[in-house]
2 protein chains.
Amino acid sequence: MLNKQVTIKDLARKLRLSVSTVSRALRDVQDINPETKRQVLALAKELNYEPNFIARSLVNKQTKVIGVVLPVIAARYFANALSGMMEVADANGYHIMFCQSDESPEKEASNIKKLVSIRIDGLLVSVSKCTSDTEIFQKVQQRGIPVVFFDRALEHIDATKVTVNQHEGAFLAVEHLIRKGCTKIAHIAGPRHLSIAIDRMNGYLDALQKYNIPFNKEYLLHCEDFQYDAMEKIQALFNLEEKPDAIFTVNDSIAVLCIKYLKELGIRVPEDVAVVGYNNDPVSEVVWPALTTVMQPSFEVGKLATQLLIDEIEQKSTQHFHKVLSSELIVRSSS
Amino acid sequence: MLNKQVTIKDLARKLRLSVSTVSRALRDVQDINPETKRQVLALAKELNYEPNFIARSLVNKQTKVIGVVLPVIAARYFANALSGMMEVADANGYHIMFCQSDESPEKEASNIKKLVSIRIDGLLVSVSKCTSDTEIFQKVQQRGIPVVFFDRALEHIDATKVTVNQHEGAFLAVEHLIRKGCTKIAHIAGPRHLSIAIDRMNGYLDALQKYNIPFNKEYLLHCEDFQYDAMEKIQALFNLEEKPDAIFTVNDSIAVLCIKYLKELGIRVPEDVAVVGYNNDPVSEVVWPALTTVMQPSFEVGKLATQLLIDEIEQKSTQHFHKVLSSELIVRSSS
DNA sequence: CTGTTAGCGCGTTCAC
DNA sequence: GTGAACGCGCTAACAG
């Protein structure tokens, strides 16, 4: 059963060549007799030879493996980013090994240690919500392993980062509501300590300012736990005397909750209150009315981050960038 | 910058021991002086020594890497299965390297070749919709690499399989509709060549039979492309003279389409027509009315498949099983 | 253009 | 209990 793997040695013996000649023939490197090369390649194909990555890694001191740590793969956004990574990795002869942190800094750290111990050539990471310590990432860098942050990056660390312009996405969303004639625009924001949530909130505030719409602090509510405390915030909003005529939410799930709740109250969407979400989650298409939302270029983020990482690994680039990608507003019937 | 990795050799030199003694001390194996062992372990910790996986793999001829090939990671079902796999792999000292086939048999094959070439110890695979050839999987087995199929398995191959009882899930769904008093139950089925779709259809048929409800062939429609031709099927259904009073669909997206369409026609769900889907997709919770659906134990499938694979890798078990897990009906307001 | 030698980091005989 | 020697499969340095 154990169909012993054919090695470079087997080829050498059958061809009465030295292993090094075979090795050279297999990669197209240095000067080698075209005829010899032909023979080696032919036999390799015939015997179904496949180079042993492990042995090659050992001598080259590079594994061609890129480690990825992200919060949770079941989130569509990260699944798409990962797909983008795999595409670029594949095209450059790299493999991806990924882990999930489940939003736990501890699990994140242990994943990183594990990946480093397998001798990854580079690390792509989107930090958990609660990660603030840069130490572990610096240690990885000190080992000579390049680190690129994607989507969620730490501020105080010198590394390449690929993120999405949250401020701009939120600005677009609110600007859209304003142009639709809304003037009492509420925002259900995310946790105060999460930078993407803060950025979106600032986009909201700046859009109001630009269009000279006075800010009403009663219209700004924070969900510290995302969805879990969302419903009470929504209810609070509609217990106000001056009810809003539009709601911009930090994500689609909360927007969907809003729509449901408004329906129960008999408030029409978008006639009485317009709703705009964030993420272009699959639910945004199926809810009724279909949700206007902001789509982030997750696939592109994954691709770009990986390309920049590979450039660093292969020393094509040695400086660190911070690339910020734009989002797109997808207008549907909820606004 | 290149913080050179400390090796077993460094430890040996500093301790004036031979590398083999250090090697033995590091693993707890053979007879070794407890005191020597203590010293080695202490120094290893101090110098932050980490065994080199690559070198170890080369001599042990095992990489502790499990390859996973699945259709698409953006599908919640597979993301959950993968999470289950990572949990079990982690607990047993294995790593997971996964690839997506994007439902293409060609990409599936090239992924498998790639994984085999990095010398995975075992392979977990859920085949693409169009895969029918068993050859490539047999080749993998012949190389001595155990293969376990999960969720979607090929019939004519001798390998361990972990699947979900589609027939039972469908049966439960239809039985539920019958108990609710529905008698004109339609089924929008999936592609005729896809075994999970066939199984669900048979579950539908058998439930009707068991409860002596005559089968009306006008009530059974196939979507060969899943969602893409779903809408016309739904419309066909409601152009019939004898309209159904319930619809059971092969997946949630189609069920959601049904609900939307019924709303447009002014038909009430569930009062006039009940709807039941399949998969417990996130959309099933947010649609209105919330969708009754069948939840598959995807996480469990991943865990079990991985455990059985590891058992095979480690020769704890040599026979092949076919484990079939049960699904659960989740009753919500659409039925 | 090709063969010889050496070594990547570690595990596994053997002796001692 | 410990060390020397060899090999895993492959690449790199140096001769020739």
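From a predicted model like this one, the values you see are computed outputs, not experimental measurements. Reminder, nothing fancy here: chain letters follow the sequence lines and each chain counts from 1.
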Original post:
Does B/Ser18 make a side-chain N or O approach to OP1 or OP2 of D/dG3 shorter than 4.0 Å?
Top reply: yes
Original post:
Atom CZ of B/Arg13 to atom P of D/dG3: distance rounded to whole Å?
Top reply: 15 Å
Original post:
Has A/Thr21 got a side-chain N or O lying under 4.0 Å from the OP1 or OP2 atom of C/dG3?
Top reply: yes
**OP:** Could you check whether A/Thr36 gets within reach of a base, just the sugar-phosphate, or nothing at all, counting any heavy atom under 4.0 Å?
**Re:** sugar-phosphate
Subject >> N-O pairing of B/Glu108 and B/Lys113 below 4.0 Å >> reply: no
**OP:** Let me know the distance between CG of B/Leu58 and C1' of C/dG7, rounded to the nearest Å.
**Re:** 12 Å
**OP:** Provide, to the nearest angstrom, the distance between the CD atom belonging to B/Gln5 and the C1' atom belonging to C/dC10.
**Re:** 14 Å
Subject >> Presence of B/Lys9 side-chain N/O under 4.0 Å of C/dC8 phosphate oxygens OP1/OP2 >> reply: yes
Original post:
Phosphate oxygens OP1/OP2 of C/dG9: is one of them under 4.0 Å from a side-chain N or O of A/Lys61?
Top reply: yes
**OP:** Using only heavy-atom distances, determine whether the side chains of A/Thr160 and A/His322 contain a donor-acceptor pair under 3.5 Å.
**Re:** no
Subject >> Value in whole Å for how far the P atom of C/dG11 lies from CD of B/Gln62 >> reply: 11 Å
**OP:** Mind calculating the distance between CZ (A/Arg24) and P (D/dC14) to the nearest angstrom?
**Re:** 14 Å
Subject >> Atom pair distance, as rounded to whole Å: CG in B/Asn60 and P in D/dG9 >> reply: 13 Å
Original post:
Hey, is the side chain of B/Arg27 poking within less than 4.0 Å of OP1 or OP2 on C/dG11, counting only N and O atoms?
Top reply: yes
**OP:** Please evaluate the base of D/dG3 for a donor-acceptor partner in the side chain of B/Arg16 within a cut-off of under 3.5 Å?
**Re:** no
Subject >> C/dG9 phosphate, OP1 or OP2, under 4.0 Å from B/Tyr49 side-chain N/O >> reply: no
Original post:
In terms of the nearest nucleotide of DNA chain D, which residue is placed more toward the 5' end: A/Ser23 or B/Ala55?
Top reply: B/Ala55
**OP:** With salt bridge (charged side-chain N to carboxylate O under 4.0 Å, His left out) as the test, would you mind laying out the steps for B/Arg143 and A/Glu50 before giving the verdict?
**Re:** CA-CA 12 Å; B/Arg143 289 210 177 203; A/Glu50 285 187 46; 3.1 Å; yes
Original post:
Salt-bridged, A/Glu103 to A/Arg152, with N to O below 4.0 Å?
Top reply: yes
**OP:** Classify the side chain of A/Ser20 and the base of C/dT5 as holding, or not holding, a donor-acceptor pair under 3.5 Å.
**Re:** no
**OP:** List the steps, then state whether side chain to side chain contact (heavy atoms under 4.5 Å, CB included) holds for B/Leu11 with B/Leu26.
**Re:** CA-CA 11 Å; B/Leu11 300 183; B/Leu26 255 19; 4.3 Å; yes
**OP:** Calculate the interatomic distance between B/Ile8 atom CD1 and D/dA4 atom C1'; express it in whole Å.
**Re:** 15 Å
**OP:** Could you work out which one of C/dT12, D/dT2, C/dG9 sits closest to the side chain of B/Thr7?
**Re:** C/dG9
**OP:** In whole angstrom, give the distance that lies between atom CZ of B/Arg56 and atom P of D/dG9.
**Re:** 18 Å
**OP:** Could you tell me whether the side chain of A/Arg119 has a donor or acceptor atom within less than 3.5 Å of a complementary atom in the base of C/dG9?
**Re:** no
Original post:
Can you find a side-chain donor-acceptor pair between A/Ser104 and A/Ser101 that sits under 3.5 Å?
Top reply: no
Original post:
Base, sugar-phosphate, or nothing for B/Ile54, non-hydrogen atoms under 4.0 angstrom?
Top reply: nothing
